[in-house]
Undergrad: 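Got a structure here, written out as structure tokens. Questions coming.
Quick note on labels: first sequence line is chain A, next is B, and so on, each numbered from 1.
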Amino acid sequence: MDSNTYESFNELMMVRLQKIKDMRQKGIEPYADRYVRTHLSSEIIEDFTELENNEVSVAGRIMSKRDQGKVIFIHTQDMGGKIQAYIRKDVLGDEAFDLVSAYDIGDIIGIKGTVFRTKRGEISVKAEEVTLLSKSLRPLPEKFHGLTNVDTRYRQRYLDLIMNTEVKETFITRSKVIRAMREYLENQGFIEVETPTLMTIPSGAAARPFITHHNSLDMDLFLRIALELPLKRLIVGGFEKVFEIGRNFRNEGISIKHNPEFTMMELYQAYANYEDIMNLVEDMILNIVIKVRGTEEITYQGEKISFAKPWRRIMMLDAIKEHSGVDFKEIKTDEEAQKIAAEKNLEVDKNDSKGKIINAFFEKYVEPKLIQPTFIIGHPVEISPLAKRNANNPEYTDRFEIFVYGRELGNAFSELNDPIDQRQRFENQMLERAKGDEEAHMMDEDFVQALEYGLPPTGGLGVGIDRLVMLLTDSASIRDVILFPTMRPRED
RNA sequence: GGGCCAUUAGCUCAGUCGGUAGAGCACCUGACUUUUAAUCAGGGCGUCCCGCGUUCGAAUCGCGGAUGGCUCACCA
């Protein structure tokens, strides 16, 4: 750090810098090497009856300090929560006590002492030895209101985590959700794999990709938008049950439900169809909900949501008929579909096929109504370029999506394993692209070639981890379940 | 990308009609040996988001910009 840096320090920080100098002059190092702690704050509170009058050592950040002259009360915070230290001048001695007196809120300290309960009933540690482990230079946000500025909370998440305990809880829950999912899938015989993030052809979803450049190969690469195609190649290769939990990147708008990078779990199971996957995902999510929340029913944004089996299963066309009165079974051509869309004042592109219009109807009339976990089955083939056609009605696919609280939580289908049909579908997507649809799939020749070697009948699934965590932590925004959400850099 | 709103001390906020900036917490000095947003007395702390303009004078009014929030669009 040079002197120019110090110039940006305000008076509060200059005072703390001076304290560091004073300590070093006394031969005390304010940045310690290590500290042996015996207990977390939570352990002392939970096991108070056994620990009372025993010696313990705790470490953590000073969150509050009440100096009464010859007695100081300090709350320190660690992973387990907060615990109070009771520090007496006559126990520590004058010199050590004066040092503690100079500690600031935000400093990280170690306390060795005996466990007891104060007059007011709070379980505390009566300090015999207090050690400064790391001096804090910047003042923490105010103790009562804490840190509420959302901008700062996301940009300086560490401050958010220090000040807002429920934020820590959210991310602990996130970790539990992922662990429970892994456990479940491993118990079902799935193997976890990792596939490339850098792709030559981004595929597996309808989305605009991020582009980057590889210098020594002198070529552009794309960040993946889905995990799907590499995983299906692994099924071709004989891994019959695989899954990946990985980051996807989509170059699209940011909203309460969308972050440019987000986490998906995708799994593929050979010899299974979409109905097998439906049973699997229903059981898996119920399992996770119970493991994480201890109950089948949760409350999300004031709405009671039950994950108890079975979830409602309804054909997409039936759901549209139920909510909009329009029966697309009666509508045969793109022109008829365009006409009915116009009658309903639904904005669609004039090139849109019947399949896309069905999807538009679904999104407008049905999606917001699907509060309880619901399987929507049988999507039009035009919007499902990687899904197998239904044997009885080849205009539609053996596909389903899971909706909860009006939001898509998962997507699954019987995988298209006919290489000739797959090539045709890619070609149709290329035509859509040529018509200006930037999100249409690109041709993936290598993937078609893999199918030509033979993909067994396979069921596949994708689940949005962030959205699942939102439900289980009652978080209104996806940014509340992503530690460092994408932000514009500050100008300054 | 459009609309609306916000941005003032480290944090949470107030700021009247345009008259040159305030509170609480935090910090500093002093008092206080079981406090709980400890208390009491005193003190210091500002790029009023940035730029331009109007005005004798701008935190306040106008225009442009930045960042964020909400929302619509986009996004299966």
Undergrad: Students often get this wrong, so: under 4.0 angstrom with heavy atoms, is A:Phe116 touching a base, only sugar-phosphate, or nothing?
TA: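 The residue A:Phe116 makes base contact.
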
Undergrad: Flag yes if more than 12 heavy atoms outside A:Lys112 fall under 6.0 Å of its NZ atom; otherwise flag no.
TA: no

Undergrad: Taking only the side-chain heavy atoms of A:Pro141 (C-beta and beyond), determine which of B:C11, B:U36, B:U33 contains the nearest atom.
TA: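 Of the options given, the side chain of A:Pro141 lies nearest B:C11.
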
Undergrad: In terms of side-chain heavy atoms, does A:Arg399 have a donor or acceptor partner in A:Asn411 at a distance below 3.5 Å?
TA: yes

Undergrad: Which nucleotide, if any, forms a Watson-Crick or G-U wobble pair with B:A6, using both distances under 3.5 Å?
TA: B:U67

Undergrad: B:G42 and B:C50: how far apart are their P atoms, nearest whole angstrom?
TA: 34 Å

Undergrad: If only side-chain N and O atoms of A:Lys19 are considered, is one of them under 4.0 Å from the OP1 or OP2 phosphate oxygen of B:C28?
TA: yes

Undergrad: Looking at B:C70, B:A37, B:G44, which one has an atom nearest to any side-chain atom of A:Ile256?
TA: B:C70

Undergrad: Base, sugar-phosphate or nothing for A:Glu439? Non-hydrogen atoms, less than 4.0 Å.
TA: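 Sugar-phosphate, no base atom in range.
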
Undergrad: Can you check the distance between B:C5 and B:G44, where both ends of the measurement are the C1' atom (answer in whole Å)?
TA: 35 Å

Undergrad: How far does the C1' atom of B:C32 sit from the matching atom of B:A21, given to the nearest Å?
TA: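 Roughly 34 Å separates the two C1' atoms.
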
Undergrad: Could you check whether any side-chain N or O of A:Arg467 sits under 3.5 Å from a backbone N or O of A:Glu408, counting only pairs where one atom can act as donor and the other as acceptor?
TA: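 Yes, A:Arg467 side chain to A:Glu408 backbone: donor-acceptor pair under 3.5 Å.
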
Undergrad: What nucleic acid atoms does A:Gln84 come within less than 4.0 Å of, heavy atoms only: base, sugar-phosphate, or nothing?
TA: base

Undergrad: Could you say whether A:Arg120 or A:His145 is positioned toward the 5' end of RNA chain B, judged by the nucleotide with the nearest heavy atom to each?
TA: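 The residue closer to the strand's 5' end, by nearest nucleotide, is A:His145.
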
Undergrad: Report yes if a side-chain nitrogen or oxygen of A:Arg488 is closer than 4.0 Å to either non-bridging phosphate oxygen (OP1 or OP2) of B:G68; otherwise report no.
TA: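 For A:Arg488, the contact criterion (side-chain N or O under 4.0 Å from OP1 or OP2 of B:G68) is met.
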
Undergrad: From the list B:G69, B:C11, B:U35, which nucleotide is the closest neighbour of the side chain of A:Tyr154?
TA: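 Per side-chain heavy atoms of A:Tyr154, the pick is B:G69.
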
Undergrad: How about A:Gln84 and A:Arg120: do any of their side-chain heavy atoms sit closer than 4.5 Å?
TA: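 A:Gln84 does not reach A:Arg120 side chain to side chain.
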
Undergrad: Could you please name the option among B:C27, B:C11, B:C75 that lies closest to any side-chain atom of A:Glu252?
TA: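 Looking only at heavy atoms from C-beta outward on A:Glu252, the closest nucleotide is B:C75.
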
Undergrad: Kindly point out which of B:A26, B:C13, B:C32 is positioned nearest to the side chain of A:Thr148?
TA: B:C13

Undergrad: For a quick check of understanding: with a heavy-atom distance under 4.0 Å over all strands, which category does A:Arg153 fall into, base, sugar-phosphate or nothing?
TA: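 Result for A:Arg153 = nothing.
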
Undergrad: Please pick, from B:U35, B:C11, B:U34, the nucleotide with the shortest atom-to-atom distance to any side-chain atom of A:Glu122.
TA: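 Among B:U35, B:C11, B:U34, the one nearest the side chain of A:Glu122 is B:U35.
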
Undergrad: A:His75 has a side chain; which of B:U12, B:U36, B:U34 sits nearest to it?
TA: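 The listed nucleotide nearest to A:His75's side chain is B:U36.
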
Undergrad: Taking atom P in both B:A14 and B:A73, what distance in whole Å separates the two?
TA: 32 Å

Undergrad: Quick one: which of B:A26, B:A37, B:G68 gets closest to the side chain of A:Ile105?
TA: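 In terms of side-chain proximity for A:Ile105, the closest of B:A26, B:A37, B:G68 is B:A26.
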
Undergrad: Can you tell me if A:Lys143 touches the phosphate of B:A26, counting only side-chain N or O atoms and a distance under 4.0 Å to OP1 or OP2?
TA: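 Looking at the OP1 and OP2 atoms of B:A26, one of them is under 4.0 Å from a side-chain N or O of A:Lys143.
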
Undergrad: From C-beta outward on A:His258, which listed nucleotide comes closest to its side chain: B:C27, B:C75, B:U34?
TA: B:C75

Undergrad: Need the pair for B:G62. Rule: Watson-Crick or G-U wobble, both distances under 3.5 Å, any strand; none if unpaired.
TA: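 Because both required distances fall under 3.5 Å, B:G62 counts as paired with B:C52.
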
Undergrad: Quick check on RNA chain B: between A:Phe413 and A:Ala102, whose nearest nucleotide comes earlier from the 5' end?
TA: A:Ala102

Undergrad: Report the base-pairing partner of B:G57 (Watson-Crick or G-U wobble, both distances below 3.5 angstrom), or none.
TA: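 Its partner: none found.
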
Undergrad: May I ask you to verify if any side-chain N or O of A:Arg66 is less than 4.0 angstrom from the OP1 or OP2 atom of B:A38?
TA: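 The answer is yes; a side-chain N or O of A:Arg66 sits under 4.0 Å from OP1 or OP2.
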
Undergrad: Would you measure the distance from the C1' atom in B:G1 across to the matching atom in B:C56 and give it in whole Å?
TA: 43 Å

Undergrad: Ignoring hydrogens and geometry beyond distance, is a side-chain donor-acceptor pair present between A:Glu122 and A:His75 at under 3.5 Å?
TA: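 Yes, A:His75 and A:Glu122 have a side-chain donor paired with an acceptor closer than 3.5 Å.
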
Undergrad: Answer yes when A:Asp421 and A:Arg389 have at least one side-chain N-carboxylate O distance shorter than 4.0 Å, and no when they do not.
TA: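 A salt bridge is present here (some side-chain N lies under 4.0 Å from a carboxylate O).
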
Undergrad: Distance check, P atoms only: B:G65 and B:G2, in whole angstrom units.
TA: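 Going atom to atom, P in each nucleotide, I get 9 Å.
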
Undergrad: Looking at A:Lys135, A:Lys65, A:Arg61, which one forms a salt bridge (charged side-chain N to carboxylate O under 4.0 Å, His left out) with A:Asp104?
TA: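 One option only clears the test, and that one is A:Lys135.
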
Undergrad: Once you apply the 3.5 Å cut-off to both distances, tell me the Watson-Crick or G-U wobble partner of B:C27, or none.
TA: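 Answer to the pairing question: B:G43, which forms a Watson-Crick or G-U pair with B:C27.
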
Undergrad: Under a 3.5 Å cut-off for both distances, is B:C17 Watson-Crick or wobble paired, and to whom?
TA: none

Undergrad: B:C45, B:U12, B:A26: which one has an atom nearest the side-chain heavy atoms of A:Glu11?
TA: B:C45

Undergrad: Using the P atoms only, state how far B:C27 lies from B:G10, rounded to an integer number of Å.
TA: 15 Å

